[in-house]
Number of protein chains: 6
Amino acid sequence: MPVEFKHPSATKTIMTEMVLPNDTNALNNLRGGKILHWMDIATAISAQKLANRPVVTVSVDHVSFLNPIKLGDVVTIESKVTRTFNSSMETFVQVWAENLPTQTKYKCNDAYYSFVALDSNGRPTKTTELVPETDDEKDQFEKAMKRRQLRLILAGRMKPEEADELKSLFAQ
Amino acid sequence: MPVEFKHPSATKTIMTEMVLPNDTNALNNLRGGKILHWMDIATAISAQKLANRPVVTVSVDHVSFLNPIKLGDVVTIESKVTRTFNSSMETFVQVWAENLPTQTKYKCNDAYYSFVALDSNGRPTKTTELVPETDDEKDQFEKAMKRRQLRLILAGRMKPEEADELKSLFAQ
Amino acid sequence: MPVEFKHPSATKTIMTEMVLPNDTNALNNLRGGKILHWMDIATAISAQKLANRPVVTVSVDHVSFLNPIKLGDVVTIESKVTRTFNSSMETFVQVWAENLPTQTKYKCNDAYYSFVALDSNGRPTKTTELVPETDDEKDQFEKAMKRRQLRLILAGRMKPEEADELKSLFAQ
Amino acid sequence: MPVEFKHPSATKTIMTEMVLPNDTNALNNLRGGKILHWMDIATAISAQKLANRPVVTVSVDHVSFLNPIKLGDVVTIESKVTRTFNSSMETFVQVWAENLPTQTKYKCNDAYYSFVALDSNGRPTKTTELVPETDDEKDQFEKAMKRRQLRLILAGRMKPEEADELKSLFAQ
Amino acid sequence: MPVEFKHPSATKTIMTEMVLPNDTNALNNLRGGKILHWMDIATAISAQKLANRPVVTVSVDHVSFLNPIKLGDVVTIESKVTRTFNSSMETFVQVWAENLPTQTKYKCNDAYYSFVALDSNGRPTKTTELVPETDDEKDQFEKAMKRRQLRLILAGRMKPEEADELKSLFAQ
Amino acid sequence: MPVEFKHPSATKTIMTEMVLPNDTNALNNLRGGKILHWMDIATAISAQKLANRPVVTVSVDHVSFLNPIKLGDVVTIESKVTRTFNSSMETFVQVWAENLPTQTKYKCNDAYYSFVALDSNGRPTKTTELVPETDDEKDQFEKAMKRRQLRLILAGRMKPEEADELKSLFAQ
């Protein structure tokens, strides 16, 4: 009998990477595109840990790059699934970097990547349900509805006036 | 005397890539993270074509992946700068893929990447002004204000109720 | 019904690449081998655009490297099919590089790569015919015979004295 | 006191590579561009062994790809310097591939790459003289003049009618 | 004032990687050499976390590969520093792999990598002292002397008959 | 009829590599992990040359890194099979590096990698027998028994007191 639900902790993924020359731009900073790539792999692993199936990225929400990451720094990427929907799931990923010789650790960015799990015919399928445990996980779980509406609007699949969760934010 | 302004066409960048095995996931589809990486390089080149300076990625807006791209397909990426702000610029990038043996060409996704140009001390600096020419470029230019407000809200740097451009969208 | 012929413009491919540390030698110049690699991919895509079939490289003509390309420069590669023969086609590829901060653009090299298209059994097959349009394309088309003779001689598949097109060049 | 001359054997370089998935095209054959890249590295090492200085590729002569190389095959690349000129040197490189499970070894292609050695200011400089020893090396050394004339003609730096070494070939 | 000592937990590093096509051999198993490479990066990060200085690998102890790791599997690598010596430190690293669709997790191998920390002149230097906390860490700490003697013998820097810690093992 | 035995010379493999930026650490030295990776490929090719079958790495013996290898240096890797056992074979690999501009060549390290050859069902199988020829090969062949016992002890598959070949070493 398959598992009925999982907690976000069961989907946690930690990646550690070192910034190598080819990952940087002319200023010796890690390229934004490389970070987006690593975050995609970490969140895809989290999504697979929940679904135990192949997954495909369906969207990435807005990402801000707070601090440039330097050549030689060590990058830590942590991701978890935050909520499942009908045929998709949302993951949250955070990125820190650390300069070990100077012992400076700094937050770089975070993002929400969404995935769809596929069945053996390559068609979207339901995944195992996710049940949040900690306060932080419950908060992420709840606000996921708001992010989903924004996502649907931005993808042109929902009209702004139908986005009940979001409307309240602006209609003040 | 430096150039006073440029048209978006002067910033146009076209990349063509072939999807190789290491770029794909277990389903033989191009990873979302790899597309995000290529889009970052193309838009960074567009931004540099305007600024003639090193640039750093400051944000990526929401990206939806419409169609999976298969191993062996040819990917075409086109980007242009759409608008400059005080110390940043917005670029627009579109991605198509084509299966040459079957002659099927399909749109995969598009996105807005924002960049800051840096002076010789590595500090943000003004770039050459951008003047839109075509109707499409003028439209992108105008709507850039709305996207910028959404970006500031999502990065936690603007309150939703201050976003005049966006409020009208929801307050119906 | 399949297309009867195509113009060279239908086979045009543009690649844009940035020179990264691993692509360079000890002098911070792009390695010749890396340029040859990129030109092979661009021309293979052009050849596939004509043939709509898998293609294999059969030869590269003489390549001279005019100017070294520096780390961080942006490389633009443009290729087109120039002529089809019985079971092969010739492509022409040009490479420019640009240092964006100093706004210096320079020609690096050009070359002719030849390809054979393969049928579903992996055997050489005829491709769609190519009909040149512009004066430049017509000139490339005509001179292709001369290059082909030189190619056959250099590959040891034609005797110099049989190369009518070439003989006139030397017998003056 | 620096060495006055070297024999070609002192410049011999052997590379062994395995064909990995990313090196192949849709037919599981090694891409021509990848072979050209490996040949460039092997010949550059040979040229450095003679010059004991940094070198840059100045040209590649015509290359024919005789046999496709398959995924998983082992590729052996052997190169030597064949002759030095005023400020350049010519190298010869041969490529074989072997399928170890079936014990089939086959010749793939050979080519001439030319290099210039650079002094500490990055300017072309004379290299150590090369003195051929074996019959094969002496033959390569002599015919190098003919290849050099063809190279100069193809690069547009010599008129065909001035190419004494080549003229005899065609004027029969 | 610098830190006087650290616990092994402060040096813990977790890497997660996905096995991609280029990492595998003809049997679709992850190459042993790639695992050794990943283990080297993880342990180097652990060593840097203790030393807060650049480090160089000085040796790897015997590594047995228990189970082949398949293409697409997720590899988890965990490392910690186990003991510091005069001018070197020993790290322990463990590797597991997991096939997420079938939910099979298996141990692949473990190993000891030793590092030396370098001062600003690139010379070996003392690192922060390591104080074990848990029973497992204390056990690793103690047995490190035995492994060190074996290492010195294998590197030809100690005679077997001087290896007191090891002699007892065999002289039964 | 298959070959009954081979000499070590038939398994000899030479690789030549250039140290590129991405292969180095913050000190511009080649990473230990990258050397281990290259040694694994060279020895796997040697093992395949003996077995003419796919092979998998089963263990690596102790490796000491004698001298750091610098960015831009040329690395030469030479490997041979030293002995076959029931279902495995041992290979020996040596690594030198050379700085060509200064003409300094230095030994970097050597190691023993063991492999198992697999039949068409992916199961371990006997390989062609190896018969040593030179004095050096005979010496390697004989001492292989001692190394094998140490390997079995370190992998926990033999008790130290059963290791007759090794006991004599310590019991003095």
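For the numbers below, each heavy atom of this structure counts, side chains included, while hydrogens, waters and symmetry mates do not. Residue numbers begin at 1 in each chain, while the letters A, B, ... track the order of the sequences.
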Crowded around [X] [atom1]? As in, over 12 foreign heavy atoms under 6.0 Å?
X	atom1	result
A:Lys159	NZ	no
E:Glu162	CD	yes
A:Lys12	NZ	no
E:Lys143	NZ	no

First locate atom [atom1] of [X], then atom [atom2] of [Y], and finally report the distance between them rounded to the nearest 0.5 Å.
X	Y	atom1	atom2	result
A:Ile45	E:Thr76	CD1	OG1	8.0 Å
A:Glu98	E:Asn52	CD	CG	8.0 Å
E:Thr13	A:Ile14	OG1	CD1	10.5 Å

key: A:Met18 vs E:Met15 side-chain heavy atoms within contact, under 4.5 Å   = no

